[in-house]
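For reference, the structure discussed in these notes is given below.
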Amino acid sequence: MKRRTGTAAPESADARKRRTAAAAREPLAVRQGSRRASAFLARRSLATHRRAWAAVIVATGAAAALIGAFAFVIGSLLVAAPPVQRYAGADAVVAADQKVSYTAKPWGSEPRTTTAYLPERARLDRSVLAAVAGADGVAKAVADDSVPVSTGDGRPAVGRSWPSAVLTRYELAEGRAPKDATEVVLDGSLAAGGPAPGERVVLRADGTARTYTVSGIARTGHGGDAPPAVFFTEPRLTALAGHPGRIDAIGVVAEPGVSPHALRDAIGAVLPERSGVPGSDRKVRVLTGAERGEAEHVDALGGRGDQLALLGSIGGTVLMVALLVIASTLSQAIRQRSGELALLRAVGASPRQLRSAIGREAGRVSAAAALLGGIGAVPLGLAMRSLLTTGPLPLPVPWWLPPAAALAGGLLVALLARPVAMLAARSITRLRPAAALGAATADEPSEPGRFRTVAGVVLAFAGISSAGVATTQSGQAAGAAASGAAMSLVIAVALLGPRISRIALGVLGRPLRRAGGVSGFLAERAASAHTRRLATAFTPIVLVVAFVCVQLASGPTMERAAGQQASAALRADLVATGGGAGLPAGAARTVREAPGVTAATGVLRSAVVLADREAGEPVLTRLPVLGVEARGLSGTLDPGVTAGDLDRLTGRDAVAVGADRAESLDVGPGDRVALRLGDGTRVEPRVVAVYEHALGLGEFLFPREALAGHVSAARDHVVLIRTGDAGADPAAPVREALAPYGGGVTVRAATGDDVAIAPPVSDEDNAMIVIGVGVIGGFALLAVVSTLALITIGRRGEFRLLRMVGTGRRQLRRMLVLETGLVTFAGLVIGTAVAAVPLTAFAVSLAGTAPYLPPVHYGVIAGAVALAAAAGTLIPGAAGGRFVLGRRAG
């Protein structure tokens, strides 16, 4: 028979149809034999490449655990509800709606509505109380107000009226109820080891500290973390609250036998549609069951929404990271076997058999990874949950959540692994046997394909363009948006890796050869011959550096710039603080009368809600603001006015606006700006000034009296004080003047942090940093180790060949060290460049400065990456030393 030579002619369309029809008529026994052959190949390959598949299992199992953990935490947040503490004895609570909405028509679409939670308590008109008390099934309706109180030694408490004690099931353990404005009932926790009924106690609720007579001690069987209570008479509490025509909420006790559903319907039938407060369009809600906690913790659901948004953003990054790691490790594992697969194809294995064998291998590996990852998702999710349960919102763990989270992570890995592995082997399995014989000994392609190059360029452009999205965010949200832009650039680096590798080698190749001698020459030549492998090696390092740098640098960049602006605006040299209860408005007036004081200004913190559009979409943004007193403001605070006059910042119809916000809203002095105050009241104050230091002081400055009636507690956060030449201790006269305000009041040197609009970093913020940097950064470092270990394991044949031609053990080890240094340095440089793009975009736009990352933080990142790279390269090389780097090469 005449032997064929050369490459076979392309198969015609008719021939393909005949072959497909013949395959359809293939006997069942033949198909079963094909499946048995695929199963045999899969089993043998798994045993032969167990070290490589072990590295894949570690990386994909960690990805499954991380995805499942985020599903666990997000699921727990979705079902979380504020705890019922204060209203544990109430069958229903009537309160104003804490949500505000905004409807707008996007470009070329139907009108859309967005909602946001109000940062301050929305109140009810006192007339609503009579309507609720007259509803069917209501045994008692109690007006509930609260004021912050501090004891003589500075301990914080909550002041309430004695009639509202029934709403928390307080009962008198000793003494009697208060009869007049000079008597109080103390919570048992405050009275422990303290005053008994008939004795005196010093309390500060509003104004200076006063002495009250303890008429009784009350205790409740209800536990929890709620602050202790001090009970006044109802007239006294109403006077202290400062809003006699309004109330916080109404607690309802039902008649015996009335169900919560019937009670809700009965109260709803007599309620007005609105809260009745002038300027407010808040609806009235009837809360029963677990919903009662929403009336206690008005900011809990708003905080939950913020956490969900941040976790969702980080979770999206996690998903992209996980997909990238899974695809990278599986593709590398298959690519390292390209010669073996090509040889099997050349000796007669059909494409179907090869694809089936690879799919079986990947399926078994992904099943093991999914099982390990699903098991690990539960403890990791519980650990992440414990970081987030530091606020007023406990995170429940329903019985279905752990298995659902484990299933979510494991299922994604199991579904993704098989098609990714088969796609990675597609270029080999589709070859004809004659062409596969040549591919078995051919070098890997040095350049990425056309589709991969185009996709990489598009993603790089998209990442650079989308970095501008970070400029529309602030704080941690800006960091999350920047990390999303960085993720696009990381994927672009992964796609364009071989081209980037050639550029890196062009820069680092010659120094590597000169510094390493023979080992440097070997390292440079190995990297040049396998640019795809080099790109696969530094891609996870780029991922770690870019993601962690964005997360760690975004917050410090904004905080540093805000602190610099706040410090530049500060003119005060002293500050007075009142602890948890704050300071009443009279404290600033008292300080002004102290000897040596030239100016004193009280600072009240609140927030407003601004309705705006972004790309045509309706957006509600909560912005922190300051309420200040114009009197003496120039002596304590200089916002850097560029237009208008801050002396006109008085009354209830004035506002000063930051320069950037004024430009975006197209307003100036004399214009009006539409806002919602913290309790939802609509206002349109007139702009009296525009100022520069908006990043440090906030984008709006209000007169204190404009905010005082719309906050949950009208207490100054601080009092800024400017003194003249008052001797060696200028704070002494101020302390003496504030002595009547009782314990907890401190006077110290003023700093920019006292007026900076950004509050101190909370436990929730720290939790997000730990989750975003620690958990995901740790996973990415694990991906570095597993990827480099997989590459090192796949190079055993190369190492044996080098030993056979005379390369010494020390030379090989030094070559590995130099290659590790090359990969680490290239990954650090490229990752830093990738992070710099989105960081610079939002830092320059929002802060007007360059990005800032503490050098110590970057040193930790570089050290962790270097250790991970060394572990992934040198440990597998040392473990195989008996066979590769040992005395005998054969």
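Rounding to the nearest 0.5 Å places CZ of R648 at 10.5 Å from CG of D653. The CG atom of L129 sits 9.5 Å away from atom CG of L124, with the distance rounded to the nearest 0.5 Å. Once rounded to the nearest 0.5 Å, the distance linking CD1 of I250 with NZ of K140 reads 15.0 Å. A distance of 4.5 Å separates CG of L77 from CG of L308, quoted to the nearest 0.5 Å. From L395, atom CG reaches atom CZ of F72 across 9.0 Å, with rounding to the nearest 0.5 Å. Atom OG of S146 and atom CG of L237 lie 8.0 Å apart (nearest 0.5 Å).
With hydrogens and angles disregarded, no donor-acceptor distance shorter than 3.5 Å links the side chain of R264 to the backbone of L287. Checked by atom type and distance alone, the side chain of Y691 pairs as donor or acceptor with a backbone atom of F700 at under 3.5 Å. Judged by distance alone, with hydrogens and angles left aside, the side-chain atoms of E234 form no donor-acceptor pair with the main-chain N or O of S161 at under 3.5 Å. Side chain of Q98 to backbone of A122: a donor-acceptor contact under 3.5 angstrom is found. With hydrogens and angles ignored, the 3.5 Å screen pairs no side-chain donor or acceptor of R622 with any backbone N or O of A116. No donor-acceptor pair under 3.5 Å is formed between the side chain of D265 and the backbone N or O of A262. Within the 3.5 Å criterion, the main-chain N or O of P618 finds no donor-acceptor partner in the side chain of R613. One N or O on the side chain of R652 and one on the backbone of E705 form a donor-acceptor pair closer than 3.5 Å.
No side-chain heavy atom of D612 sits under 4.5 Å from any side-chain heavy atom of Y102. Two residues are said to be in side-chain contact when any heavy atoms from C-beta on lie closer than 4.5 Å; L388 and Q307 meet this criterion. Contact annotation: the side chain of T114 never approaches that of S101 to less than 4.5 Å [non-hydrogen atoms, C-beta and beyond]. The closest side-chain heavy-atom distance from R676 to L610 is not below 4.5 Å. In this structure, T115 and V100 have side chains that are not in contact, with every pair of non-hydrogen atoms separated by 4.5 Å or more. Between L839 and V550 there is a side-chain heavy-atom pair separated by less than 4.5 Å. Using a 4.5 Å cut-off on side-chain heavy atoms (C-beta onward), L695 and M558 make contact. Side-chain contact between V252 and D91 is absent, with no heavy atoms from C-beta onward closer than 4.5 Å.
When all heavy atoms of V688 and A654 are compared, the pair lying nearest together is CG1-CB, 3.8 Å. Contact between P119 and A607 at its shortest, heavy atoms only, is CG-CB, 3.6 Å. When all heavy atoms of L78 and R304 are compared, the pair lying nearest together is O-NH1, 3.5 Å. Summarising the geometry of L263 relative to A92, their closest heavy-atom pair is CD2-CB, 3.7 Å, with the distance given to 0.1 Å. Nearest heavy atoms, P396 versus V79: CG-CG2, 3.6 Å. Considering all non-hydrogen atoms of both residues, L646 and A656 come closest at CD2-CB, 3.9 Å.
For the residue pair E120 / S712, a side-chain donor-acceptor distance below 3.5 Å is found, with atom types taken as modelled.
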Going through the distances and angles, do L677 and F702 end up as a side-chain contact (heavy atoms from CB on, under 4.5 Å)? CA-CA 11 Å; L677 299 180; F702 283 85; 4.1 Å; yes

Evaluate the criterion side-chain contact (heavy atoms from CB on, under 4.5 Å) for residue pair L649 and V628; output intermediate values, then yes/no. CA-CA 9 Å; L649 193 65; V628 296; 3.9 Å; yes

Stepwise side-chain contact (heavy atoms from CB on, under 4.5 Å) test for V625 and L701: CA-CA 6 Å; V625 297; L701 285 178; over 6 Å; no

Determine, step by step, whether V147 and R715 satisfy the side-chain contact (heavy atoms from CB on, under 4.5 Å) criterion, reporting the C-alpha distance in whole Å, the side-chain angles of both residues, the deciding distance to 0.1 Å, and the verdict. CA-CA 10 Å; V147 295; R715 302 292 186 272; 4.3 Å; yes

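Only one option out of D248, D97, D144 pairs with R123 in a salt bridge (Lys or Arg N to Asp or Glu O under 4.0 Å); it is D248. Of the residues R160, R86, R246, R126, the one that meets the salt bridge (Lys or Arg N to Asp or Glu O under 4.0 Å) test with D145 is R126.
Within 6.0 Å of atom CD in E255, more than 12 heavy atoms from other residues, nucleotides or ligands are found, so the atom counts as buried in its surroundings. In this structure, R672 places its CZ atom where more than 12 heavy-atom neighbours from other residues, nucleotides or ligands lie under 6.0 Å away.
In this structure, T238 has no side chain to side chain donor-acceptor pair (under 3.5 Å) partners at least two apart in sequence or on a different chain. For the side chain to side chain contact (heavy atoms under 4.5 Å, CB included) test, residues two or more places apart in sequence or in another chain that qualify with A249 are Y87, V93, A95.
Classification of D679 and R282 as a salt-bridged pair fails, no side-chain N sitting under 4.0 Å from a carboxylate O. A salt bridge links R704 with D716; the closest basic N to acidic carboxylate O contact falls under 4.0 Å.
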